[in-house]
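Both backbone and side-chain heavy atoms feed into the values below; hydrogens, waters and symmetry mates do not. Here is the naming used below: chain letters follow the sequence lines, and residue numbers restart at 1 for every chain.
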Number of protein chains: 2
Amino acid sequence: MKKIQVVVAEDQAMVLGALAALLEIEPDIAVCARAANGREALAMVGKSKPDVLVTDIEMPEMTGLTLAAEVKERYPQTRVMILTTFARPGYLRRALDAGAKGYLLKDRPSAELADAVRRVHQGLRVVDPDLALEAWDSGPDPLTERERQILWRAGEGKSSGEIAEELHLSEGTVRNYLSEAMSKLGASNRVEAARLARSRGWL
Amino acid sequence: MKKIQVVVAEDQAMVLGALAALLEIEPDIAVCARAANGREALAMVGKSKPDVLVTDIEMPEMTGLTLAAEVKERYPQTRVMILTTFARPGYLRRALDAGAKGYLLKDRPSAELADAVRRVHQGLRVVDPDLALEAWDSGPDPLTERERQILWRAGEGKSSGEIAEELHLSEGTVRNYLSEAMSKLGASNRVEAARLARSRGWL
DNA sequence: ATTCGCCCATGACAAACGTCATATCCCTTT
DNA sequence: AAAGGGATATGACGTTTGTCATGGGCGAAT
């Protein structure tokens with residue numbers, strides 16, 4: 001009987017080790033490689049051709065979401081399961097668009113992990129039902145690419161002038177985009193807008 | 001031979017389970033209880049009187065830092081080890097002030113966890129050396145309590161007017177505090193100031 | 001071929017923000 | 001007793017931000 005071969009990608013080394021330990025407990029699952037970032041994970045998947053890739057989203061080098069898309073493209077036999085802290089509708093949507101088969105939250109009981117891996121391995125989808133609902137009624141990302149870029153920088157504390165210079169725009173244009181983003185998000189200033197967008201996974 | 005009794009506190013259930021699995025691998029360590037927040041952890045420590053408490057910092061109900069202080073006060077025989085994502089000088093300082101014996105980062109290799117637990121159990125201190133240095137030269141928290149309160153709210157996107165109302169102050173006073181905080185932190189606006197303070201663990 | 005959405009810009013105005021000087025009150029340290 | 005620091009306030013000033021109307025260019029979809 002062959003075990004389900006799993007690659008785990010997670011940037012916090014301690015958590016990576018712990019998750020691997022958790023999976024190794026299961027008699028029918030084997031962790032064949034570990035990766036500390038997206039780039040590394042892609043290489044590992046190429047080398048080990050695992051059945052399942054369990055990956056975090058926010059990682060250096062390459063996001064779990066881009067990683068999912070790459071894996072889907074280059075190694076379609078490997079199914080991707082996202083394992084993340086963030087219950088953000090936008091992340092879920094992007095994950096599914098990128099071809100991920102599962103989306104599991106880190107605040108679910110640890111007993112669910114092995115189960116989710118098995119299901120994804122069998123070709124089933126695993127998606128947190130509450131989150132799926134939330135994703136549904138929070139609607140799609142209303143921001144344009146430009147608005148996202150600008151809002152992101154504004155959230156970091158940059159002034160309109162700095163942002164304008166950085167993106168080679170006029171300062172008025174930057175203010176226009178921010179105003180537009182704020183109205184789309186129902187925020188009363190740039191900071192609140194950035195926080196809102198972040199919390200929905202749109203930044 | 002009795003095992004080292006450990007309580008683990010961590011709000012992300014999946015990570016909690018994984019860390020416990022990691023510790024359970026060790027032949028000389030036993031996880032005698034798990035907690036999903038600070039309040040629960042305090043109760044568990046009271047009930048099990050463990051040798052070591054391994055705890056996260058940012059948790060609902062009660063912060064790992066307050067928890068550390070409470071445990072030090074009420075169950076001094078239990079040594080506290082902080083296990084956190086955040087390499088923030090201010091957190092480290094507060095942790096040590098609260099009587100924690102160890103401060104370990106989640107991006108250290110998982111192999112270090114058991115070792116750190118053993119050392120702390122033996123009465124040794126375990127502190128990330130890089131972080132200790134950073135804590136040293138980033139100096140102490142320069143903010144006053146009021147500045148902290150106000151900066152925190154400003155970082156959430158609230159306007160001076162809203163903050164003033166919330167804290168029963170005049171709007172001008174709020175602007176004064178923010179101006180003062182910005183100058184202390186070397187920031188050029190409230191958002192940058194809030195980000196800086198956060199990154200140092202002062203918020 | 002026209003419409004629509006996105007990109008980018010300008011100008012003008014009101015509101016919010018950041019700075020500074022100055023002042024009072026209170027508490028602790030010297 | 002004096003000095004210092006924190007909390008609070010006001011007024012005044014210049015700068016930044018948020019809003020709105022209005023415009024042009026471009027590419028994709030109808």
Side-chain angles (χ1 to χ4, degrees), chain A residues 90 93-94 97 138-203, chain B residues 90 93-94 97 138-203:
Chain A
R93 192 175 296 248
R94 280 195 268 163
D97 286 351
S138 93
D141 184 347
L143 301 174
T144 69
E145 185 53 28
R146 259 312 191 216
E147 287 162 354
R148 230 189 312 284
Q149 291 173 359
I150 291 174
L151 195 50
W152 167 271
R153 286 163 174 81
E156 291 203 290
K158 295 190 173 149
S159 70
S160 306
E162 287 169 325
I163 299 174
E165 192 169 5
E166 197 173 336
L167 299 180
H168 310 292
L169 296 174
S170 91
E171 189 179 328
T173 303
V174 170
R175 292 217 298 277
N176 286 152
Y177 280 126
L178 283 173
S179 182
E180 184 61 20
M182 287 160 52
S183 110
K184 281 178 177 175
L185 297 170
S188 60
N189 62 54
R190 49 180 69 194
V191 185
E192 196 189 336
R195 283 179 54 86
L196 268 172
R198 247 195 299 272
S199 77
R200 301 220 203 307
W202 295 333
L203 273 195
Chain B
R93 192 175 296 249
R94 279 195 268 163
D97 285 351
S138 92
D141 184 345
L143 301 174
T144 69
E145 186 52 30
R146 260 312 193 216
E147 287 162 355
R148 228 189 314 285
Q149 292 173 358
I150 291 175
L151 195 50
W152 166 271
R153 287 163 174 80
E156 291 203 291
K158 297 194 172 146
S159 70
S160 305
E162 287 169 326
I163 299 174
E165 193 169 5
E166 195 172 337
L167 300 180
H168 310 292
L169 296 174
S170 90
E171 188 179 330
T173 302
V174 170
R175 291 216 298 275
N176 286 153
Y177 280 125
L178 283 172
S179 182
E180 183 61 19
M182 287 160 53
S183 110
K184 281 179 177 175
L185 297 170
S188 59
N189 61 55
R190 49 179 71 194
V191 185
E192 196 189 336
R195 282 180 55 85
L196 268 172
R198 247 195 299 272
S199 78
R200 300 216 201 314
W202 295 334
L203 275 195

Query raised in the report: D:dG24 P sits how many Å from A:L169 CG, rounded?
Result: 20 Å
Report task. Whole angstrom is fine here: how far is it from CD1 in B:I163 over to P in D:dT8? Result -> 14 Å
Report summary line: note: A:I150, atom CD1; D:dT17, atom P; distance rounded to Å ~ 13 Å
Query raised in the report: Does the side chain of B:T144 get closer than 4.0 angstrom to OP1 or OP2 of D:dA7 through an N or O atom?
Result: yes
**Report entry** Over all atoms of both residues, closest heavy-atom pair of A:P142 and A:L185
**Finding:** CG-CD2, 4.4 Å
Query - B:Q149 CD to D:dT8 C1', straight-line distance once rounded to whole Å - result: 13 Å
Query raised in the report: Within this structure, what is the CZ-to-P distance between A:R153 and D:dT16, rounded to whole angstrom?
Result: 20 Å
Only distances under 3.5 Å count here; give the side-chain donor-acceptor pairs of residues 193-203 of chain A to other protein atoms, sequence neighbours excluded, each with its distance to 0.1 Å.
| residue | atom | partner | partner atom | Å |
| --- | --- | --- | --- | --- |
| A:S199 | OG | A:L196 | O | 2.8 |

**Report entry** Exercise: identify the closest heavy-atom pair between A:E192 and A:S188
**Finding:** OE1-OG, 3.0 Å
Report summary line: Shortest non-hydrogen pair, B:R190 vs B:M182, comes out as N-SD, 3.7 Å
Requested in this report: Write down the distance between OH (A:Y177) and C1' (C:dG5), rounded to a whole number of angstrom.
Outcome: 11 Å
Query raised in the report: In B/S/- notation, 5' to 3', how is nucleotides 17-30 of chain C contacted by protein heavy atoms closer than 4.0 Å?
Result: BBBB----------
Query raised in the report: Does B:R93 pair with B:D141 as a salt bridge, N-O distance under 4.0 Å?
Result: no
Query raised in the report: Which of the following nucleotides, D:dA7, D:dA9, C:dA9, is nearest to the side chain of B:T173?
Result: D:dA9
**Report entry** Salt bridge present between B:R153 and B:E156 (N-O < 4.0 angstrom)
**Finding:** no
**Report entry** d(CD, A:E162; P, D:dT15) in whole Å
**Finding:** 16 Å
**Report entry** Between C:dC6 (P) and A:R148 (CZ): distance, integer Å
**Finding:** 11 Å
